[in-house]
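Working notes, structure below.
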2 protein chains.
Amino acid sequence: MTKGPQFEPVQPVRAYQRIVEQVEDALARGDLAPGQRLPSERELVAQFAVSRSTVREALRVLESNGVVRSRPGDPNGPEILPFSSFALRKQMTRLARVDELTLSELIGFRMIMDGAAIQVASRLRTPEELDDLEATLVAMRDAIDVDFAAFSEADLAFHELIARISRNSLIQTCNEVVRGVVLGLIADKIAHAPNSRALMLESLHHHAEVVDAIRAGDGHAAARIARQNMFDYYAGYVPDSEQETLRALIDD
Amino acid sequence: MTKGPQFEPVQPVRAYQRIVEQVEDALARGDLAPGQRLPSERELVAQFAVSRSTVREALRVLESNGVVRSRPGDPNGPEILPFSSFALRKQMTRLARVDELTLSELIGFRMIMDGAAIQVASRLRTPEELDDLEATLVAMRDAIDVDFAAFSEADLAFHELIARISRNSLIQTCNEVVRGVVLGLIADKIAHAPNSRALMLESLHHHAEVVDAIRAGDGHAAARIARQNMFDYYAGYVPDSEQETLRALIDD
DNA sequence: TGCGCCGACTGGTCTGACCAGTGGACTAGG
DNA sequence: CCTAGTCCACTGGTCAGACCAGTCGGCGCA
């Protein structure tokens with residue numbers, strides 16, 4: 001069953017999709033540049049030989065990708081947006097291709113990001129924020145008795161708080177995003193692991209150690225424990241061949 | 001001119017946009033869950049009291065955001081996609097809202113990310129990759145004599161290489177993306193700065209120091225120099241009040 | 001010369017139609 | 001009774017043509 005050629009599901013290519021591709025390709029080739037204008041919708045209808053509805057659906061996709069912007073009444077036609085916006089979207093799309101990322105890359109990224117956030121947070125945290133961290137530890141403890149989903153939510157709250165303390169919403173977003181992806185991939189396996197409760201308790205214990213280190217102002221130690229914890233927690237789901245790469249990340 | 005209330009350009013809200021918002025809000029509230037189905041297009045026409053074209057334009061946006069997927073002939077209607085895909089896109093969109101991010105957040109993120117990548121790279125790098133790094137230094141040196149754009153490209157190549165050496169494409173993507181955004185915001189100012197050439201030479205010098213530290217296997221030093229360099233390079237464009245936050249990131 | 005008006009456009013929306021698929025209900029055959 | 005085949009209501013994809021409010025450039029008037 002796992003042998004033999006792997007066929008991919010074939011799905012019909014929609015006309016509006018091919019329009020989107022043509023425009024984005026032109027942009028990638030440089031035939032189209034930011035600041036330039038696309039022909040008017042009616043002109044595009046003629047060029048692509050499709051109906052205006054189809055052209056407009058394609059424009060909606062391009063717009064949602066941050067490639068173009070239409071303005072009613074503008075005789076110049078849809079505007080090609082400047083680099084930052086287009087490139088960002090384009091890159092993000094690449095990032096969003098979860099299936100092209102290995103689990104170990106995702107986990108490695110989390111180890112690095114989370115470690116960095118904790119290190120920064122251990123310097124910037126106020127006494128009140130330290131109290132908040134303690135509070136999330138209690139919440140995690142309580143959640144263990146409920147179920148894995150509850151624990152996972154409490155864990156999320158912990159990492160959100162860390163990211164917030166690090167005073168950088170980008171860190172926060174990145175961490176949340178990648179965390180969501182990783183969990184989406186393996187949450188079931190963890191939840192149904194026979195030693196699920198033990199895993200949660202151990203994770204809680206490590207989190208408490210992290211908070212202790214933060215309180216002591218030892219960012220290095222805090223980050224290291226956090227990375228170690230993440231390794232222990234997730235590495236089991238990574239192929240053996242890739243575990244070494246992750247293990248190398250624990251120490252800094 | 002810089003005083004007084006700042007008004008934002010007002011633009012009409014399109015009907016399809018409000019449909020997109022309603023669906024995404026419903027998803028965020030939990031009224032709609034992954035795996036569930038949206039009503040058929042003709043049903044949505046009735047519910048939203050718009051034409052089918054409008055519904056379809058909204059669906060194209062939702063589809064491009066990874067929220068739903070339509071399949072021709074499927075009597076169940078468009079499918080709400082599972083968490084990982086939706087959440088990822090959603091978060092990424094949030095991330096992509098450059099205007100909501102401060103420049104200092106972006107730069108701080110780069111300092112942290114790039115520092116982490118360099119630290120990892122200094123451990124994982126092979127002798128060949130070290131040679132490649134040296135080569136990019138030469139390229140940077142040559143590019144200075146051309147113009148800022150050329151230097152910027154050579155600098156990009158350097159950071160791409162660092163990210164690749166760190167064996168994590170996510171780091172690579174993140175770094176590239178944020179770098180692109182930052183440059184999009186201030187590249188002009190740097191390029192036209194009176195001391196532009198001096199800045200480039202200094203940056204090159206720091207890069208060389210980074211490579212030296214990597215060769216010596218001192219990840220901490222390499223990362224610290226890189227963060228310092230980024231601070232020197234960019235901090236001038238950040239409001240004074242936020243510079244301290246960035247400066248705090250230099251040491252780890 | 002300067003101003004305001006006008007008209008040829010634009011994008012946003014609507015109506016109504018056709019087509020190739022899909023999948024559930026129904027039916028004929030085992 | 002269950003299975004296999006047919007059928008049909010319905011889906012999404014696409015098309016053609018229409019109207020409207022808004023934009024902008026040029027023309028003509030003061």
Side-chain angles (χ1 to χ4, degrees), chain A residues 7-24 27 32 34-81 85-86, chain B residues 7-24 27 32 34-81 85-86:
Chain A
F7 298 119
E8 294 191 358
V10 68
Q11 51 226 34
V13 183
R14 288 87 194 253
Y16 64 82
Q17 263 302 342
R18 262 181 290 153
I19 295 179
V20 169
E21 284 165 20
Q22 282 203 46
V23 173
E24 292 195 338
L27 231 157
L32 234 44
Q36 282 187 3
R37 302 306 189 107
L38 240 42
S40 77
E41 294 183 359
R42 286 163 178 86
E43 177 63 27
L44 290 171
V45 165
Q47 289 194 26
F48 286 115
V50 296
S51 77
R52 199 164 150 229
S53 328
T54 304
V55 164
R56 282 183 60 80
E57 290 190 34
L59 285 176
R60 289 299 82 74
V61 175
L62 288 169
E63 205 170 74
S64 143
N65 284 356
V67 179
V68 305
R69 180 177 42 205
S70 296
R71 227 165 32 96
D74 189 341
N76 296 319
E79 179 187 1
I80 309 258
L81 292 176
S85 184
F86 168 67
Chain B
F7 297 119
E8 295 191 358
V10 69
Q11 50 226 34
V13 182
R14 287 87 194 251
Y16 63 82
Q17 263 302 344
R18 263 182 289 152
I19 295 180
V20 168
E21 284 165 19
Q22 282 203 47
V23 172
E24 292 194 339
L27 233 156
L32 233 47
Q36 284 187 2
R37 301 306 187 108
L38 241 41
S40 77
E41 294 183 0
R42 286 163 179 86
E43 176 63 27
L44 291 172
V45 165
Q47 290 194 27
F48 286 114
V50 295
S51 76
R52 199 164 149 230
S53 331
T54 305
V55 164
R56 281 183 60 80
E57 291 190 34
L59 285 176
R60 288 298 82 72
V61 175
L62 288 169
E63 205 169 74
S64 144
N65 285 357
V67 179
V68 305
R69 180 177 43 206
S70 296
R71 228 162 34 93
D74 188 340
N76 296 320
E79 179 186 1
I80 308 258
L81 293 176
S85 183
F86 166 66

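Keep in mind the model is a prediction, meaning the values are calculated, not measured. Chain identifiers are assigned alphabetically (A, B, ...) following the order of the sequence lines, protein sequences preceding nucleic acid strands; residue numbering begins at 1 within each chain. Only this structure's heavy atoms are used, side chains among them; waters, hydrogens and symmetry mates stay out.
A distance of 13.5 Å separates CZ in A:Arg60 from CG in B:Leu59, rounded to the nearest 0.5 Å.
One cannot find a donor-acceptor pair under 3.5 Å joining the base of D:dG13 and the side-chain atoms of B:Arg71. The base of D:dG12 has none of its N or O atoms less than 3.5 Å from a complementary donor or acceptor on the side chain of B:Arg69. Side-chain atoms of A:Arg42 come within donor-acceptor range of the base of C:dG11, with a qualifying N/O pair under 3.5 Å.
Looking at which nucleotide of DNA chain D each of B:Pro75 and B:Ser53 is closest to, the 5′-most match is held by B:Pro75. For the pair A:Gly73 and B:Val50, both in contact range of DNA chain C, the more 5′-proximal nearest nucleotide belongs to A:Gly73.
In this entry the distance linking CG of A:Leu44 with P of C:dG12 reads 13 Å, nearest Å. Straight-line distance from the CZ atom of B:Arg52 to the C1' atom of C:dA17: 10 Å, rounded to whole Å. Following rounding to the nearest Å, B:Asp74 (CG) and C:dG21 (C1') show an atom-to-atom distance of 11 Å. The separation between A:Leu62 atom CG and C:dG11 atom P is 13 Å, rounded to whole Å. Counting to the nearest Å, the P atom of D:dT14 and the CD atom of A:Glu41 are 16 Å from each other. Per the geometry, CD belonging to A:Glu79 stands 12 Å off P belonging to D:dC24, to the nearest Å. Rounded to whole Å, the distance from CD on A:Glu57 to C1' on D:dG13 is 8 Å. Per the geometry, OH belonging to B:Tyr16 stands 7 Å off P belonging to C:dT13, to the nearest Å.
Ion pairing between a basic and an acidic side chain is recognised when a charged N comes within 4.0 Å of a carboxylate O; A:Arg56 and A:Glu41 show such pairing.
Contact check, A:Thr54 against D:dC15: a side-chain N or O comes under 4.0 Å of OP1 or OP2. Dashed line: the shortest gap from a side-chain N or O of B:Ser40 to OP1 or OP2 of D:dT11 is under 4.0 Å.
Contact between B:Pro39 and B:Gln47 at its shortest, heavy atoms only, is CG-NE2, 3.7 Å.
No engagement by A:Arg37 is indicated, since no non-hydrogen atom pair under 4.0 Å with the nucleic acid exists. Across all strands shown, B:Arg56 has heavy atoms under 4.0 Å from base atoms, whether or not it also approaches the sugar-phosphate.
Listed for the B:Glu63 side chain is a donor-acceptor partner under 3.5 Å among the backbone atoms of B:Ser70.
For B:Ser51, the listed nucleotide lying nearest its side chain is C:dC14; candidates were C:dG11, D:dT14, C:dC14.
Taking a 6.0 Å sphere around CZ of A:Arg69, one finds it holds 12 or fewer heavy atoms contributed by other residues, nucleotides or ligands.
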